[in-house]
Q: 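One structure is given below, represented as structure tokens, and several questions about it will come after.
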Amino acid sequence: MNINVIDLSEAHESARDDLSGLHAYLAQLIGQPFRFARVSYGDELTLHFGDLRPGSAPARSHALYGAYVLGVRASPWLLKSANRSLMLNSEGAVPSASGTIGKRELETGEYIASESPVFEATPFMIAPVDAIGLRLRMADGSELEVVPGPPAPDEPEDESLPEVADWELLSPAGHLSVGPKLRWWFMPTQPTKPAMRPSEAASIAGKQMRAKKSTKSPELGGKRIRPGKGKKSAKSAAFGIEPERPAKGKKKSAKHGIKKRRTRTRSRKV
Amino acid sequence: MARKRDIRQIEAVAREFDMTPQERREFGDYIEECKRRGDRGSGPDGDFDYHELRGKVPEFRGEQE
């Protein structure tokens with residue numbers, strides 16, 4: 001038996017129309033529970049799946065985000081809701097038959113049953129327009145299809161703007177970007193800190209060894225400090241500041257200097 | 001249908017300010033939130049133009065009081 005491996009820690013750029021490779025990358029979405037739909041700027045539909053977390057930007061820390069976010073970018077889409085026996089579509093996907101709904105209703109309408117896991121995520125070729133679509137099936141029977149259309153010619157003022165993908169998936173592992181045309185890319189999430197050099201790792205290991213020999217300060221969140229040191233040393237330890245130490249030999253004379261001045265002041269008062 | 005120009009403008013601003021895909025996603029959501037609460041741009045339907053979007057980045061990142 002051969003077992004397929006997808007290394008999500010490496011960047012990947014597809015060969016033209018590599019649908020099976022894309023299908024494999026989409027497997028990370030399988031089993032993730034649907035959380036909610038949100039309409040972003042530009043009327044872009046986004047679907048959130050998996051564990052929820054607050055936004056990382058200060059201005060969005062009050063909002064929740066799924067660990068997996070599917071964004072349809074500017075592509076037409078079609079949602080078949082099993083929950084409410086309805087079919088919704090973005091303008092342009094199929095002709096409208098019985099009215100329209102607004103953004104808020106799309107977000108709150110529970111067209112996909114909450115917590116319903118993704119059952120299938122399949123890319124498909126749309127040959128007439130040279131694009132890759134996406135079919136997403138949820139366990140409640142709902143289905144989303146993303147059907148990129150032909151690229152519209154740029155308005156003169158848009159020529160300087162970058163092209164955007166036909167659809168994308170943000171995940172803890174990275175960013176999967178599909179289109180335009182039959183190309184797709186996967187970029188793994190950048191580590192927040194660059195990898196350490198061996199010398200840095202050795203230095204940190206040495207500090208940890210020294211810290212083990214010290215006592216623990218509950219005031220400083222359990223941070224260990226050296227015994228026999230004053231408040232200044234504790235602060236330095238907490239904020240990672242190396243305390244300034246006078247050079248050898250100068251320490252004694254400095255002390256004497258202070259004593260000398262104090263003595264003089266007292267003598268004046270008397 | 002989604003407005004492609006708006007999405008491309010967000011993408012352009014995101015690239016200019018070195019946003020990660022996650023930050024770009026949140027920025028787009030933030031601009032939509034601004035529009036919905038009445039803080040609208042000068043374009044039709046309250047859309048923001050490119051320069052107005054650039055001006056929103058510091059407040060989005062919490063760099064402006």
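Proteins get letters first, then strands, A, B, ... in listed order; numbering begins at 1 in each.
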Q: So with a 6.0 Å cut-off around CD of E110(A), is the heavy-atom count from everything else above 12?
A: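 12 or below, so no.
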Q: Looking only at heavy atoms, which two atoms of S40(A) and D29(B) are closest? And how far apart?
A: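 Minimum heavy-atom separation between S40(A) and D29(B): OG-OD1, 2.7 Å.
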Q: What pair of heavy atoms forms the shortest contact from L161(A) to A12(B), and how long is it?
A: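 That would be CD2-CB, 4.0 Å.
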Q: Apply side-chain contact (heavy atoms from CB on, under 4.5 Å) to the pair E33(B) and R60(A), showing each step before the final yes or no.
A: CA-CA 9 Å; E33(B) 181 191 339; R60(A) 291 297 291 169; 2.5 Å; yes
Q: Minimum heavy-atom separation for Y41(A) to G28(B), with atom names?
A: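 The answer is CB-O, 3.1 Å.
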Q: Given that the side chain runs from C-beta out, which part of V39(A) has a heavy atom under 4.5 Å from chain B: side chain, backbone, both or neither?
A: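 It is both, since atoms from each part get that close.
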Q: Counting heavy atoms not belonging to F119(A), are there more than 12 under 6.0 Å from its CZ?
A: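 No, CZ of F119(A) has 12 or fewer neighbouring heavy atoms, counting only those of other groups under 6.0 Å.
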Q: Within the side chain of E11(B), is there an N or O that forms a donor-acceptor pair under 3.5 Å with the backbone of V164(A)?
A: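 No, because the side chain of E11(B) does not come within donor-acceptor range (under 3.5 Å) of the backbone of V164(A).
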Q: Checking E23(B) against chain A: side chain, backbone, both or neither under 4.5 Å from a heavy atom?
A: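 It is neither, since no heavy atom gets under 4.5 Å.
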Q: Decide, yes or no, whether a salt bridge links E107(A) with R36(B) under the criterion of side-chain N to carboxylate O below 4.0 Å.
A: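 Here E107(A) pairs with R36(B) in a salt bridge, since their nearest N and O are under 4.0 Å apart.
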Q: May I have the list of side-chain donor-acceptor pairs in residues 47-54 of chain A shorter than 3.5 Å, sequence neighbours left out?
A:
| from | atom 1 | to | atom 2 | distance (Å) |
| --- | --- | --- | --- | --- |
| H48(A) | ND1 | G66(A) | N | 3.0 |
| H48(A) | NE2 | T46(A) | OG1 | 3.4 |
| R53(A) | NH2 | Q22(B) | OE1 | 3.2 |

Q: Tell me the closest heavy-atom pair linking A57(A) and E26(B), and the distance in Å.
A: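 Heavy atoms of A57(A) and E26(B) come nearest at N-OE1, 2.8 Å.
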Q: Is the number of heavy atoms from other residues, nucleotides or ligands within 6.0 Å of NE2 (H51(B)) greater than 12?
A: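 For H51(B), atom NE2 is not crowded (no more than 12 foreign heavy atoms under 6.0 Å).
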Q: More than 12 foreign heavy atoms under 6.0 Å from NZ of K35(B): is that the case here?
A: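 Counting neighbours around NZ of K35(B), more than 12 heavy atoms of other residues, nucleotides or ligands fall under 6.0 Å, so yes.
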Q: For P21(B) and L170(A), work out which heavy atoms get closest and say how close.
A: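 So the minimum-distance heavy-atom pair works out to CB-CD2, 3.4 Å.
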Q: Heavy-atom distance under 4.5 Å to chain A: side chain of D47(B), backbone, both or neither?
A: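 Both parts, heavy atoms under 4.5 Å.
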Q: Let me know if F27(B) has heavy atoms under 4.5 Å from chain A in its side chain, its backbone, both or neither.
A: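 F27(B) has no heavy atom closer than 4.5 Å to chain A.
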Q: Working to the nearest 0.5 angstrom, can you tell me the gap between R25(B) CZ and E168(A) CD?
A: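 So the CZ of R25(B) and the CD of E168(A) are separated by 5.0 Å.
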Q: Answer yes or no: is there a side-chain heavy-atom contact under 4.5 Å between E163(A) and K4(B)?
A: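 Touching, per the 4.5 Å side-chain cut-off.
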Q: Specify the closest pair of heavy atoms between E32(B) and G42(A), including all atoms of both residues, with the distance to one decimal.
A: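 Taking every non-hydrogen atom into account, OE1-N, 4.4 Å.
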